[in-house]
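Heads up, the thing below is written out as structure tokens.
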Amino acid sequence: MTGSVCYKILKDHLVEGELVPGNEIGIRIDQTLTQDATGTMAYLQFEALGVPRVKTELSVSYVDHNTLQTGFENADDHIYLQTMNSRYGILYSRAGNGICHQVHLERFARPGATLLGSDSHTPTGGGIGMIAIGAGGLDVAVAMGGGPFYLTCPRVIKVNLTGSLRPWVSAKDVILTVLSILTTKGNVGAVVEYGGPGVETLSVPERATITNMGAELGVTTSLFPSDAVTRRFLKAQGREEALKELLPEEAAVYDRVIEIDLSAVVPMIALPHSPDNVKKISEVKGLPIDQVAIGSCTNSSYRDLMTVAAVLRGKKAHPSVGLGVAPGSRQVLEMISRNGALADLISAGARIMESACGFCIGSGFSPKSGGASLRTNNRNFEGRSGTADAKVYLVSPETAALSAVAGALVDPLDRPSAECPRIAEPESFLIDDSMILKPEFEKSEIRRGPNIGGPPVTDPLPDEIRGIVGLKVGDKITTDHIMPAGQRLKYRSNIPEYAKYVFEHTDPGFAARSLKEKEHGIYTAVVGGESYGQGSSREHAAICPMYLGVRLVMVKSFERIHSTNLVNFGILPFVFTNPADYDSIAQGDLFIAPDLHTQIAGGADIVVSIRGEEYRFTLFATDRQRKILLEGGLLNYTRKNF
Ligand code: MIC
Ligand code: SF4
């Protein structure tokens, strides 16, 4: 992997371990970002670490997820974040300033740097040539305190781009093509690096669309080199001084190379309910649709919304289609309002939404029962839109806009090339950072309204755990299944309340049952299939189960961020040594996990007795994580060792 852009940046930041794929390494983190839905917990935990000020070069806190403010909860969160951030040296991007990843790319991302964010789409920053990784809030808190971030030294998959995109084909179609090749499974421990002559045909926002949705591959991150295109973007953002050229060496070694000829890419679509359920639009065109939603951190840049506005100019959304547009940032919104493109959107019948996550996280604009919604976001997990039986399809802004007018799914390639809008990259973006507040340190008094709870407390690991298999689920269980967002998002700062909704849609009785058992000293185990914990970085998918007494999760395979979150909160991540054992365990089975201290420190297979029979598991944890588990979690461990 030597000579890749990825390894050049890792080498510059290495503080522990050896750069050999599969090894655990620790890297220095230059920048952090949080968003409000994971941020309150991250900052409560940062406070609990007892560090007087952040030690990073830059830490930014964004408000973009919980902006509905129906009731006091969101507003309580915002004022806590604003005052806490001000005290500890963190920039605060106010509600309305935009989606964290879009704003960070515009204003702060820097080639060659490392960024750790408490959101799984943090790799958006990879579009500018940085290593940007999503993690749980506690990992981000530790990084803000100056601690290294630990990860598995990745194998690097190169995607070699040649040619250039045809009219009507878009960066979204490229990442959907990559998803159709690599799928959402089996990519844990890899980084995707884009290279080849096709790279220079893609602007930074287009590159960021690709690295953003790389999150759905389950890889550690994705990145592009930093080149003349990067310089142009930084210059237009008034930040040319941040440029650092970063190209791979000629002789760079990769684990695997995937060839993509951009001129052969066609418009793609992800069908319900997985981002890798990808088809060519030509195979499914004509599909009736009820709703079109354009926005999210994947596709809401100036380039994207200008394209949509140009397609919609002088046309109307079809009467059967509800059209919503959410610009990614205040910069984008203000620019399209000043140049008139916003008027084209309004005139076409688009409902203009706040520059925030909104519909993407199921916060409003839910489709009708059984409705078909065409969206430009990155996830179409079942129920995430807020409507349990809705069908969500993921497409490019071009496809979304054309289909909104037609009232059915359109293959853009059926339209004349000459009609395809060509949006020039702006020479300069509109720069106004007045909604990013600077810290006032001691002058700031931290304000905690009733929605702000305390940091989560974990108990040290008992030597023996007795309990019950409280739930058995199948493959590809996402964090949206484990810890639903949408209407429940406002409880992110209140664990006892939020915990009531763990597995709400999978098994509504799970939470109450588990809590009751915990009160009687009986712990809960969850049994799952492949890719358990896919999707979001929300550590609530570990904290809330932990609160309910879940101490064991036994699965065929884990996704990276979620398994780390489980360890961070003292839940044992077990992988079946023999995957067929999955079939012989049932909900309601009783188990005893004995001699855990010795078993966990030991490193051999862990033996658990289930219904009196012996089952073997591999503990999905590094040596360092074993120590964390013995302490009952990362907060306890860090307080002791930092
Ligand atoms: C998401 O897209 O699922 C979120 C909401 O942005 C999450 C973070 C969260 O749950 O707060 C993510 O992707 O990490
Ligand atoms: Fe927000 Fe959606 Fe992006 Fe998550 S994926 S950060 S909810 S816009």
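Numbering of residues begins at 1 and proceeds along the displayed sequence. In this text the structure is predicted, and so the values were computed from the model without any measurement. Remember, it's 1-based here, ligands and their atoms both numbered in the order they're listed.
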Regarding [X] and [Y], is there a side-chain donor-to-acceptor distance under 3.5 Å anywhere?
| X | Y | result |
| --- | --- | --- |
| His101 | Tyr62 | no |
| Asp119 | Ser537 | no |
| Asn85 | Ser61 | yes |

Point to revise | Shell of residues surrounding ligand 1, defined by a 4.0 angstrom heavy-atom cut-off that is strict | key: Gln35, Ala37, Thr38, His65, Asp119, Ser120, His121, Ile361, Arg379, Arg384, Arg492, Ser536, Ser537, Arg538
Point to revise | Cut-off under 2.8 Å, centre atom 3 (Fe) of ligand 2, protein N/O/S atoms | key: Cys297 SG
**Study point:** Check ion pair Glu530-Lys185 (N to O, under 4.0 angstrom)
**Key:** no
Exercise for review: For the pair Asp36 and Arg492, find out whether any cationic side-chain nitrogen is under 4.0 Å from an anionic carboxylate oxygen.
Suggested key: no
Study note, to complete from the structure: dist Leu116:CG -> Asp30:CG (nearest 0.5 Å) comes out at 11.0 Å
Practice item. Examine Arg448 relative to Tyr80 and say whether NZ or CZ is less than 6.0 Å from the centre of the six-membered ring and inside a 45° cone about the ring axis. Key: no
Review point. If you measure from each non-hydrogen atom of His65 to ligand 2, which part falls under 4.0 Å: side chain, backbone, both or neither?
Key: side chain
Revision key, fill the gap. By ring pair (Phe, Tyr, Trp, His ring centres under 6.0 Å), Phe620 pairs with (sequence neighbours left out) Phe558
Review point. Listed by chain and number, what are the ring pair (Phe, Tyr, Trp, His ring centres under 6.0 Å) partners of His562, not counting sequence neighbours?
Key: Tyr532
**Study point:** Near-ring test Phe503/His481, centroid separation under 6.0 angstrom
**Key:** no
